[in-house]
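Worksheet: the structure to be examined is printed underneath.
Everything quoted here is computed from the prediction, not taken from an experiment.
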Amino acid sequence: MIIKEEIFIEPFNLSRMLHIYIPDEIKKGERFPVLYMFDGHNLFFDEDATYGKSWGIKNFLDKAEGKIIIVGLECNHEGNMRLCEFSPYSFTDKRFGFIEGLGKITVDWIADILKPYIDEKYPTLSERKYTGIGGSSMGGLMSVYAVGVRSDIFSKAACVSPFYDHVFGRLANEISKSQFNPDTKIYISWGRKEFRGSKELAIGTEKNLTMARIFSSKGAQVFPHLIIEGEHTEASWEKELPMIFYELNLIK
């Protein structure tokens with residue numbers, strides 16, 4: 001089932017919708033791992049998705065072996081605020097202008113406020129080994145950042161098509177220096193068709209492999225994937241769901 005619940009984000013002084021997937025059949029005393037995800041409105045239903053196509057995660061999990069809770073945080077749809085809340089660092093873009101990086105606030109709120117709330121209200125397995133984070137594009141960037149700086153909370157990350165423009169150097173530098181729990185699994189993917197030409201593909205591939213090497217050097221188990229027919233769309237990311245969930249041991 002999908003539960004839609006509004007929650008107040010104190011540091012941003014605004015309310016936001018959570019899109020929460022919970023297994024339909026729950027036995028008494030049964031508890032489940034949790035994957036926190038960005039852009040919750042794009043995860044489950046096409047009618048909620050920004051571009052009319054969701055990841056189809058509900059359909060996938062309803063048929064999968066194993067059960068999990070997904071907590072999707074809807075983005076801020078006002079102006080450029082999604083970029084602000086989903087970037088760890090400030091930057092200036094030719095199209096969007098100055099973007100104030102509020103991503104650290106977002107990640108800390110998920111780890112320190114949202115997670116305890118979810119653990120108290122829903123049948124979760126609250127330990128670190130059962131807690132992951134994931135997302136695509138800016139959400140993919142945030143997942144790289146979150147697992148890199150808050151591995152005290154997140155033991156798994158699904159970093160799908162991370163958007164590194166303007167911030168890659170700072171991201172790599174901070175994660176290289178951060179405290180890190182090596183008992184961590186990280187899935188990183190990027191699609192060939194996301195890039196215009198072989199030069200951009202080579203640069204994008206090197207950035208993702210650089211992040212994979214940084215995490216590997218810290219002891220993490222990393223699963224990098226170049227998706228040959230991969231595009232920057234929910235329909236493309238939906239095709240990755242079996243790899244994401246199985247490689248991160250989120251379901252059987």
Side-chain angles (χ1 to χ4, degrees), residues 4-19 36-55 71-114 133-150 154 157-175 188-191 193-196 200 203-204 207-208 211 230-237:
K4 294 183 180 180
E5 176 182 344
E6 198 169 80
I7 191 169
F8 188 73
I9 304 179
E10 294 88 348
F12 297 144
N13 194 33
L14 50 76
S15 295
R16 190 71 51 78
M17 187 65 70
L18 298 177
H19 301 249
Y36 293 86
M37 295 191 72
F38 299 97
D39 294 313
H41 53 292
N42 289 335
L43 302 179
F44 305 119
F45 298 124
D46 292 351
E47 56 264 32
D48 291 336
T50 300
Y51 301 108
K53 177 67 184 81
S54 74
W55 286 54
V71 179
L73 175 66
E74 188 158 336
C75 75
N76 189 330
H77 299 283
E78 182 179 349
N80 294 328
M81 289 308 299
R82 176 178 180 272
L83 299 179
C84 294
E85 291 184 12
F86 286 4
S87 176
Y89 316 101
S90 299
F91 63 88
T92 300
D93 180 84
K94 290 182 180 179
R95 177 182 176 186
F96 298 107
F98 176 73
I99 301 298
E100 182 182 5
L102 304 175
K104 175 175 173 49
I105 296 173
T106 303
V107 166
D108 286 342
W109 178 80
I110 293 171
D112 299 328
I113 304 298
L114 179 59
I133 193 147
S136 61
S137 193
M138 293 297 292
L141 164 64
M142 285 289 281
S143 299
V144 171
Y145 177 76
V147 77
V149 302
R150 293 304 307 265
F154 305 110
C159 313
V160 180
S161 300
F163 186 80
Y164 294 126
D165 288 10
H166 310 297
V167 304
F168 182 77
R170 285 172 286 175
L171 176 71
N173 182 62
E174 182 171 1
I175 292 178
I188 300 178
S189 70
W190 61 105
K193 294 183 177 180
E194 295 181 66
F195 300 93
R196 293 174 295 182
E200 286 194 11
I203 293 171
K207 287 180 178 179
N208 281 293
M211 292 310 310
E231 301 176 331
H232 205 81
T233 65
E234 281 72 20
S236 182
W237 299 325

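- In this structure, the separation between CD on Glu74 and CZ on Arg82 is 11.0 Å, given to the nearest 0.5 Å.
- The distance from atom CD1 of Ile203 to atom CG of Asn208, rounded to the nearest 0.5 Å, is 12.5 Å.
- The CG atom of Leu73 sits 11.5 Å away from the CE atom of Met17 when rounded to the nearest 0.5 Å.
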Could you go through Asn173 and Arg170, starting from their C-alpha distance and side-chain angles, then the distance that decides it, and tell me whether this counts as side chain to side chain contact (heavy atoms under 4.5 Å, CB included)?
CA-CA 5 Å; Asn173 182 62; Arg170 285 172 286 175; 5.7 Å; no
Verdict with supporting geometry, Thr50 and Asp39, side chain to side chain contact (heavy atoms under 4.5 Å, CB included)
CA-CA 9 Å; Thr50 300; Asp39 294 313; over 6 Å; no
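- Nearest heavy atom pair, residue Phe44 against residue His19, reads CE1-O, 3.4 Å.
- The distance from the CE atom of Met37 to the CG atom of Leu43 is 5.0 Å, given to the nearest 0.5 Å.
- The aromatic rings of His166 and Phe91 sit parallel, their planes meeting at an angle under 30°, below the 60° perpendicular limit.
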Side chain to side chain contact (heavy atoms under 4.5 Å, CB included), that's the test. Do Val144 and Tyr164 meet it? Break it down for me.
CA-CA 10 Å; Val144 171; Tyr164 294 126; 4.0 Å; yes
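- Donor-acceptor pairing under 3.5 Å is lacking for the side chains of Asn42 and Tyr51.
- Glu231 and Ser236 make their closest contact through N-OG, 3.0 Å (heavy atoms, listed as atom of the first residue, atom of the second, distance).
- Put simply, CD1 on Ile7 and OG on Ser15 are 9.0 Å apart, with the number rounded to the nearest 0.5 Å.
- Judged purely by atom type and a 3.5 angstrom limit, Ser87 uses its side chain to pair as donor or acceptor with the backbone of Tyr89.
- The backbone N or O of Val160 lies less than 3.5 Å from no partner atom in the side chain of Ser189, so there is not a single donor-acceptor pair.
- In this structure, His41 NE2 and Lys4 NZ are separated by 11.0 Å, a value rounded to the nearest 0.5 Å.
- Shortest non-hydrogen contact noted between Trp109 and Phe8 is CZ2-O, 4.0 Å.
- Here the side chains of Ile133 and Met142 are not in contact, with every heavy-atom distance at 4.5 Å or above.
- Proximity of Thr106 to Pro11: side-chain heavy atoms (C-beta onward) are nowhere separated by under 4.5 Å.
- When all heavy atoms of Ala146 and Phe154 are compared, the pair lying nearest together is O-CD1, 4.0 Å.
- Around atom NZ of Lys104, no more than 12 heavy atoms belonging to other residues, nucleotides or ligands sit under 6.0 Å away.
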Please determine whether side chain to side chain contact (heavy atoms under 4.5 Å, CB included) holds for the pair Ser90 and Phe98, giving the CA-CA distance in whole Å, both sets of side-chain angles, and the decisive distance to 0.1 Å.
CA-CA 7 Å; Ser90 299; Phe98 176 73; 3.9 Å; yes
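- The side chain to side chain contact (heavy atoms under 4.5 Å, CB included) test with Ser143 singles out one residue from Ser136, Cys159, Pro162, and that residue is Cys159.
- Summarising the geometry of Arg150 relative to Ala111, their closest heavy-atom pair is NH1-CB, 3.7 Å, with the distance given to 0.1 Å.
- The shortest side-chain heavy-atom distance between Leu171 and Tyr145 falls under the 4.5 Å cut-off.
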Between Ser54 and Asp46, is the side chain to side chain donor-acceptor pair (under 3.5 Å) condition met? List the steps.
CA-CA 5 Å; Ser54 74; Asp46 292 351; 3.1 Å; yes
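- Across all non-hydrogen atoms, the minimal contact from Ile188 to Trp190 is O-CZ3, 3.9 Å.
- Within a 6.0 Å sphere centred on CD of Glu10, other residues, nucleotides and ligands contribute more than 12 heavy atoms.
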The test is salt bridge (Lys or Arg N to Asp or Glu O under 4.0 Å); show your working for Glu85 and Arg16 and say whether it passes.
CA-CA 12 Å; Glu85 291 184 12; Arg16 190 71 51 78; 3.1 Å; yes
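- Not one N or O on the side chain of Asn76 forms a donor-acceptor pair closer than 3.5 Å with the backbone of Met81.
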